[in-house]
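Each chain gets a letter, A, B and so on, in the order the sequences are listed, and its residues count up from 1.
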Amino acid sequence: MSETFHEFVAQRSPALSRTAYLLTGDHQLAEDLLQSALARTYRHWRRIRGGDPEAYVRRVMYHQQVSWWRRRRVVERLDPEPVERGGGDHGDSTVLRLSLLAALHRLTARQRAVVVLRFYEDLTEAQVAEALGCSLGTVKRHGHDALRRLRELVPDLVEATPERSIR
Amino acid sequence: MTVRLREALREAADVPAYQVHERAVRTARRTRQRMAAGVAAVLVLVALVPLTVRGGGGGLAPAGSGGPALPDRIGLPVFGALHATDRPRLGPASVIFSGQARGLTGLIDENGTIGVVGAEADRYRTYRVGHEAPVGEQVLLSPDGRRIAVPGGTSEHPQVDLVDLVDGRVRPLPSPVARSVLMEPAGWAPDGKSLVVRDVVPANPEGSAYRNVLSLVWLDTGRAVRGLAQGVQVPSFGAPVAFSPDGARVAYQIGDEVRVSQVGGTADPIVPDFQPLFSFRVSSDEGLAGKGAWLPDGGLALVSRDPESTRWRLRRVDPRTGKDLGRLELPAVSGVTTIRLLGWRPDGSALVVAYRPEPNAPARFDQPLELDQRTAYGHVRSVRVLALAPGAATPTTVLTAPEQVLAVDVADDVVRSGRVRDADPPWGVGGRFWWWAGLVALLLLGYVGIRWAVRRARAPRG
């Protein structure tokens, strides 16, 4: 593969930016996260450019985000009340989007990573486990906990029907 | 179902692409430079410390104070200890020791390493003999502590290696006896200019029998100046050897006979080679006391065992006849396989090596047993150096050693000084370890530097 680092960043920045934003829920943090992941990718570019550099960047972002989350010692606050309901108007996408972002903030970094990987990147649980470097059982547990909490926070987002696992 | 969640995530992720390319590249380069600088700093530190320590020029290591003294204990050589010929030079030694403790043998087989302790401070060195060789019997420290005589060479070319602790050189002393297959040092002359050596020579062309030859060799010419004894192999052939303080006479034991030969004082010996001046027999429970057997008054000291006991004491005999001149008024030493007399201190006390028996040894030490068997490694658990003071009821321990240190030799100058110092044996790892660690660190530094330069040259520019 003769793709240069610059070409790679130019082509994949939009998609990577979206993932970074979903993982952090904050533009500034998302920029920092992507920059950090790309810097690490640049240092190892010779080794990884022949493989799947995008997967590498995503993996770095997931782990970096978890690491930052731990370092910041974010105190999880389980709010018994939904933070912002979408109400009955499912067409109000802005409200729903804000509700989602607020709800994602209530998840742990690992839970949010599982949500992003599973429902935004559309990876299987096995692929998520591989990307996060954890066991399948851990992914299931985080996914289950994340959906349960999202269901509590934004009931309109997640229907009560259990998610069927695709391994 | 999570259709809405998926849709919401896609909507929420509708953000512009962040322009972080330049910043990411700058961050990566900065991180790489910091890492390289950090690694280089660590490697340089690791490399410089041992090289500075070891490469202190050819001079002697800093001396302690107060002149040569006996350390009150010895420790085992540390892993990676400097060798006797390494820089900085050790200088004269006070004590050498050997045995089967850690650091004195190989991992799998015996490699006969001896430990060497500096005369004035606890600087340790090692010297690899290559086979089991008890110090004081087969490896001898010179009277001034400057040289160690070690059996060396091959059966075709036997020799004694003279290891100089001051200049770090090893000088070979070839065998003076034709057809010799083994050569060992047996005793240093008081002035350090000559050495009694023991050779093993085939007694017939088939090599089915051997005889021993004991000779006095001048070290400056390497030639034998006096044949002392020759004969069939017997236990204790030329062991121990004791020079009179003026170096004119030498006493040695051949089997159950103690002989005295004249070796100095005149250019032409009064008696021919291999003819002793005097000789007398000793019983199975006694023998020539050791290298310090000559008494200040011209008498000769024997070690003797009290009947049916493991209690040993020194007694005085006439060197001409072996006539008993009575016990010396020194305390006896109990519970040992034997004792070996190193010499005499200014206060009149005798310094002896005491051999504590190995509890699992099959031999009985309260029964007659050859003296060379009483100091054999398998029969000894540990050794101590004791001072036997005139009139004292019990011996005074002046040097202790870890278990399985099975032999010690002390320089005559240190014995005569009468000084004992508080010991502080080294711990951790030795100078050779640090030297090799420094070398490896330098190589790694070079490798990391080259790799960094190559990667920088190949690094993506855009």
Please flag which part of A:Leu22 lies under 4.5 Å from any non-hydrogen atom of chain B: side chain, backbone, both or neither. side chain

Quick check on A:Leu16 against chain B: is it the side chain, the backbone, both or neither that has a heavy atom closer than 4.5 Å? neither

With sequence neighbours left out, the residues meeting salt bridge (charged side-chain N to carboxylate O under 4.0 Å, His left out) with B:Glu7 are none

Please give me the minimum heavy-atom distance between [X] and [Y], naming the atom from each residue.
X: B:Val15; Y: A:His27; result: CG1-CE1, 3.4 Å
X: B:Ala28; Y: A:Ala39; result: CB-O, 3.2 Å
X: A:Glu31; Y: B:Val20; result: O-CG1, 3.8 Å

Could you list which of residues 444-451 of chain B have a heavy atom closer than 4.5 Å to any heavy atom of chain A, in residue-number order? none

With sequence neighbours left out, the residues meeting ring pair (Phe, Tyr, Trp, His ring centres under 6.0 Å) with A:Tyr62 are none

Using the ring pair (Phe, Tyr, Trp, His ring centres under 6.0 Å) criterion, which residues pair with A:Phe8? Sequence neighbours excluded. A:Trp45

Hey, is the main chain of A:Tyr120 close enough, under 3.5 Å, to the side chain of B:Arg10 for a donor-acceptor pair? yes

Checking the side chain of A:Ser17 only, and the main-chain atoms of B:Tyr18 only, is there a donor and an acceptor separated by less than 3.5 Å? yes

Top of A:Ala20, A:Ala30, A:Ser36 for chain B proximity - count of heavy-atom pairs under 4.5 angstrom: A:Ala30

Let me see the working for A:Arg40 and B:Thr27 under side-chain contact (heavy atoms from CB on, under 4.5 Å), right down to the final yes or no. CA-CA 9 Å; A:Arg40 186 166 170 181; B:Thr27 302; over 6 Å; no

Under a plain distance cut-off of 3.5 Å, with no hydrogens placed, do B:Arg32 and A:Tyr42 share a side-chain donor-acceptor pair? no

Are the side chains of A:Val115 and B:Leu9 in contact, using a 4.5 Å heavy-atom criterion? yes

